[in-house]
Amino acid sequence: MSEQADQRAQPTDEERVEMLETMLRIREFESRMRDNFADAEIPGFLHLYIGQEAMATGVCQVLEDRDYLTSTHRGHGHCIARGLDTTKMAAEIYGKETGYCNGKGGSMHIADVEAGMLGANGIVAGGVPIATGAALSSKMRGTDQVAVAFFGDGALSEGAFHESFNQAAIWDLPLIGIVENNQYGEMSGIDEQHPPSTHDDLTIYGEPYGAHREQVDGMDVEAVYDAAARAVERARHGEGPSLVECVGYRFEGHHEGDSEFYRDDGEYEHWKSKDPVETYPERLIDEGVLTADEWAAMQADVETEIDEAIEFARESPMPDPQQAYEGLYADGGDSR
Amino acid sequence: MSEQADQRAQPTDEERVEMLETMLRIREFESRMRDNFADAEIPGFLHLYIGQEAMATGVCQVLEDRDYLTSTHRGHGHCIARGLDTTKMAAEIYGKETGYCNGKGGSMHIADVEAGMLGANGIVAGGVPIATGAALSSKMRGTDQVAVAFFGDGALSEGAFHESFNQAAIWDLPLIGIVENNQYGEMSGIDEQHPPSTHDDLTIYGEPYGAHREQVDGMDVEAVYDAAARAVERARHGEGPSLVECVGYRFEGHHEGDSEFYRDDGEYEHWKSKDPVETYPERLIDEGVLTADEWAAMQADVETEIDEAIEFARESPMPDPQQAYEGLYADGGDSR
Amino acid sequence: MSLASRETEEMAVRDVINQTLDEEMERDERVYIQGIDVHGRGGTSNILKGLDEKYGRERVRNTPISEVSIVGSALGAAATGMRPVVEIMYCGFLGVAGDQLLNQVAKMRYMFGGKLDLPLVIRTKNVMGANAAAQHSQALHHWLAAIPGLKVVCTSTPEDTKGLFKAAIRSNDPIMLFEHGSVYNETGQVPVEDYTFEIGEAAVEREGEDVTVVATQAQLWNALEAAEQLGEEGISVEVVNPRTISPLDTETIAASARKTGRCVVVDDTPLSYGTQSQIAADVSEEAFFDLDFPVQRLGIPDVPTPFSPSLENEILIDTDDIVDAILTLA
Amino acid sequence: MSLASRETEEMAVRDVINQTLDEEMERDERVYIQGIDVHGRGGTSNILKGLDEKYGRERVRNTPISEVSIVGSALGAAATGMRPVVEIMYCGFLGVAGDQLLNQVAKMRYMFGGKLDLPLVIRTKNVMGANAAAQHSQALHHWLAAIPGLKVVCTSTPEDTKGLFKAAIRSNDPIMLFEHGSVYNETGQVPVEDYTFEIGEAAVEREGEDVTVVATQAQLWNALEAAEQLGEEGISVEVVNPRTISPLDTETIAASARKTGRCVVVDDTPLSYGTQSQIAADVSEEAFFDLDFPVQRLGIPDVPTPFSPSLENEILIDTDDIVDAILTLA
Ligand SMILES: Cc1ncc(C[n+]2csc(CCOP(=O)(O)OP(=O)(O)O)c2C)c(N)n1
Ligand SMILES: Cc1ncc(C[n+]2csc(CCOP(=O)(O)OP(=O)(O)O)c2C)c(N)n1
Ligand SMILES: [Mg+2]
Ligand SMILES: [Mg+2]
């Protein structure tokens, strides 16, 4: 069983509004990407974060700018929660020169290493060792930066996760693993991908390593915030790795175009009733943190922002084909 | 914490004598290999099992001929306990035509697939997925064969172990992992190679998978027998994977030639007092299972057997150099 | 065996794979499938669709996302009486199982004295031109061919897909079977009867006199198109499909080059250490005294695959590139 | 820069590596070491001996037996301000970290738009001729060179070891540094001063007129010996050491082949898809009109390394094999 929180970390009202805006920004960005992908504006694959907004948002809210994170194939939400610029993100997803990776990465590989965002990653669990290295680096350089690895439930079956957590535990590294349990790895349910011993609580995968473990409602941004705050606090104080499971759901297919044949009856509706982008504004309005007008204004603002980001992406130039030969090495040697 | 045995599996007196003989055979074989290696008779590396005899012996005693096993770089003990022919083993270690692999494998790769011995393996944890596949095959073919993967404490840090146990747990495979905790991975102690959460009980690495777990005294062949019997019983009845830790010690270096600088004062003596090849015959004599004369005769017989095996190895021809080009493929296509 | 004499039907590559697996599973109950997400939609390219329903989920096994164990457990199963057909969704994921491929699958038989059969097929796909970016877009058959002990087969046409798949599944050796995402929907005539193509034999797909083009997978389709175009201009192009790239049928390839005196090699692996270089080195040696020009290599420049269409198109080889390469030798 | 003009000392390769790492750790506190069992005896070949005591166990880090995490965490550290030097004990263990090498280390910079430095050195050793059997005995630099995005360096002499190590550690790119177990105890003159050799530049180790031998690592020593022997018989052999095999200095190598008109390539990788084939293909193309004979390739036949001395000796290349290959071109 996961450890219980002894003291709840509570976001300020300002932070609560900020988190709402972040979740809304992710939702709006993703929804527009979905539509534009359907209109064949976007090349390649698209894995959307819709439904999981509370996870990245709650975690990133407690991080400092100097902290590190690694992400997955489903990375837009992590980027936005981290504060990356939706304009450069959109441009990257459109394959444009003005994107974060100058069009070389696309949706699955957005990165802003300067900002501590060490990259989305197309390989399941591929980012966990990298985050472990960032945590090691922080420790060796004597800073108190922490490193967060986001990954899906599926990544817990990859050796890379285990090797990393084992190493982080031996070396007491400030590594935080966020398991985003959205009930599926591609089209296969967690019950098919993990043994029964884990179904109630995937953080049991962190048990051998003595990781601090918590399982939280991944549709509740404040629950995520709370667990993340504790994990980050521990990491900053040299208390070693944590594993936090956010239990939630994705409302879109594994990737756009997925027929979603695998969902059980009523499953979608059940989770949809917990949709954080629906429930959280209601709650904040109920609790008097936000007025309905402010919420409407926020929606309008975010919509405008994303409109502009997409306009920018559309109008940006494709990279010059010759750039394909550049960027491989820092010290020259780009070859034939 | 490891599960407690509810009922102890007790070897018959015949089996006890058999186990003693097996341990003695391993010790004698290994000691002679050590000496002959020092005399530069043996090419390559040599990793000896001396001190760990009770582990392989106790486990293999409860296996049936049709069961499978995979082994490690420290594999002679597993082979002998499985009943492989010391003559062909010695010949293989000497690189001779008459060896199990016709000289192609050597000490680190002895195999007798016909006999269910799926090979020693030079890659730490490399054999665990293979044993998992043998367990799967047994299940799919509807036999009740079990598969035992022997591996060292060090292998628990490799992703291969974790992926295999996870898969075996999901599919309820008859897989048994035997962790041979000899206190070191090469020259580094387990405290440097594993997090503190595991030091008391390495079987915690099997906890996420819901594996049946037991930790036993690896210097006590009957304790090993007991735990193995339970694990095998479960596996045969479709109750899924088990992880058994045998706590013990190796009396030789990691490999022959190792300076053994890393041992603590008194450590060797402590473990030496539990030497199964010293203590077990005493016990059997005390308990009247064996007479001192029978023990002396057994020693003489085994010595003769090993003498003959080594003589055979020495006198066997080196493989014809042209055989280097053969054996790669079953269906032809051996190439340039 | 020419197509002309046999009953054939028009099929897409993807359907050929499905049908062939179906027939082989029907024929031999030891043949089974394992891989990620092979149930339901039938794997990442829907190739396996329907097989789980027909043969049950014990013979079409959904694995966890664990490539080490997927490959390693298939190896163990192959060593103990089963005949696994593994799906690795994208060839880029082969690296996760790197050790099992390099040190276990490839070495087990030889290292153990040649004493066991390893009837193991690992299917995967090369992907180029799908804007799938660096980790999901690459061709890696050269990387596996660089490991002695793995036979590496590249499928291309509906006809060779059937013949090579059947041969691979019936083989007692471990075989890496590379499909190519760009040809799944290509169609062609496929003999209805049961047949196998010898692993290790190349095929002359089109006869010609002036220049030899050696081309694999998607590039074979481009090469045949280039040959067609140049034929109209009076240049006679012979097109050779290696089919197996390890062991390579150097004899057939070099014989063609000796005949024409000119050779272009086209493949989706990188220009450095790719398949092209191996074939070019072999042809340069074996046809040395007959070559009029240096062997030309067309391949992907030595960079990971960029995402943006404008960048990816720049590095891809198309029919025009092949035509141009041939013309430089004229 | 010729040796003649500089102060030198006689050193063994193993001591050069130790001293160079020592100097670089002294010079730059971001440089640190991680690997299995690097404490105490100093790694599997004792190369690192003493560094843990001098720099402490925080900068010389013993890892668990976890190659994925060893390589991946070094990558993460390199991306965030450190300059890791990783030891992978035997090159055969690189497969365990296959994905981190193939998809992470090699692709990170390019995929992210060329916007970060990755000062990461992964040291490992090729082993042949030690009766270490298939999994511990192989040369794998060709396998890493087949991945665009990794620079691959092969060290051989005491002099190049120092120059290449210093260059690699100071480089901002990920570098695979292949040592060779057979030359650790070889000695030679090493300049005392601080110097680097350019990554990507080959060196003519011995000038000659009649034939070019391109040789790496242990084979360079054999090639120089062969050249010496043949020199006495009046055959003048030029010996080129590629030093970096990716990117390859085709220019220097082909220039030598154009000059001599004959070329032999010798390397410990397999004959199929090995380093030899890449170099032979390049030379065959670049020196096409100047070559009198086909390029000869000497390498390991396409089998895993067998254990028995009689078998391993059969597949190894020695000085006599090089002499014979040169004489067939005479
Ligand atoms: C090593 C590897 N194997 C397989 C895949 C294909 N793949 C992409 S996403 C995915 C499912 C991942 O599931 P999970 O970790 O739960 O993340 P989610 O997609 O649910 O967010 C798979 C199998 C991959 N990208 N990398
Ligand atoms: C993948 C891999 N990494 C490293 C090694 C080198 N190595 C050989 S034995 C060994 C120690 C293994 O320790 P353990 O599993 O405890 O087995 P023991 O030697 O103690 O029996 C190591 C690191 C290897 N053989 N394979
Ligand atoms: Mg998921
Ligand atoms: Mg050990």
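The figures here come from the full heavy-atom set of this structure, side chains too, leaving out hydrogens, waters and symmetry mates.
- Between chain A and the residues Pro174(D), Pro148(D), Ser171(D), Ala74(D), the most heavy-atom pairs under 4.5 angstrom are made by Ser171(D).
- In terms of heavy-atom pairs under 4.5 Å with chain A, the best-connected choice from Gln34(D), Glu58(D), Arg61(D), Glu29(D) is Arg61(D).
- Contact annotation for Ala169(A): neither backbone nor side-chain heavy atoms come within less than 4.5 Å of a heavy atom of chain D.
- Atom CD of Glu41(A) has more than 12 neighbouring heavy atoms from other residues, nucleotides or ligands inside a 6.0 Å radius.
- Contact of Arg59(D) with chain A is made through backbone and side chain together, with heavy-atom distances under 4.5 Å.
- At a 4.5 Å heavy-atom cutoff, Lys107(D) makes no contact with chain A through either its backbone or its side chain.
- With rounding to the nearest 0.5 Å, the separation of CD in Glu198(D) from CG in Asp331(A) is 8.5 Å.
- The shortest distance between side-chain heavy atoms of Asn103(D) and Asn121(A) does not fall below 4.5 Å.
- Here Asp99(D) is the residue among Asp99(D), Ile199(D), Leu118(D) with the most heavy-atom pairs under 4.5 Å with chain A.
- The candidate with the highest count of non-hydrogen atom pairs below 4.5 Å against chain D, out of Gly103(A), Ala111(A), Ala131(A), is Ala111(A).
- Of the residues listed (Ile130(A), Leu175(A), Thr132(A), Val128(A)), the one engaging Ser73(D) in a side-chain contact (heavy atoms from CB on, under 4.5 Å) is Thr132(A), and it is the only one.
- Interface with chain A: from residues 108-117 of chain D, residues Met108(D), Arg109(D), Tyr110(D), Met111(D), Phe112(D), Gly113(D), Gly114(D), Lys115(D), Leu116(D), Asp117(D) qualify, criterion being any non-hydrogen pair under 4.5 Å.
- Within 6.0 Å of CD in Glu114(A) there are 12 or fewer heavy atoms belonging to other residues, nucleotides or ligands.
- Within the 4.5 angstrom heavy-atom criterion, no atom of Ile175(D) approaches chain A.
- In terms of heavy-atom pairs under 4.5 angstrom with chain D, the leader among Leu118(A), Asp112(A), Leu173(A) is Leu118(A).
- Taking non-hydrogen atoms and a 4.5 Å limit, the residue list of residues 67-89 of chain A in contact with chain D, ordered by number, reads Tyr68(A).
- Proximity to chain A (any heavy atom under 4.5 Å) is shown, for Asn172(D), by both the backbone and the side chain.
- Taking non-hydrogen atoms and a 4.5 Å limit, the residue list of residues 62-70 of chain D in contact with chain A, ordered by number, reads Asn62(D), Thr63(D), Pro64(D), Ser66(D), Glu67(D), Val68(D), Ser69(D), Ile70(D).
- Within residues 137-149 of chain A, the residues approaching chain D closer than 4.5 Å by heavy atoms are, in numerical order, Ser137(A), Met140(A), Arg141(A).
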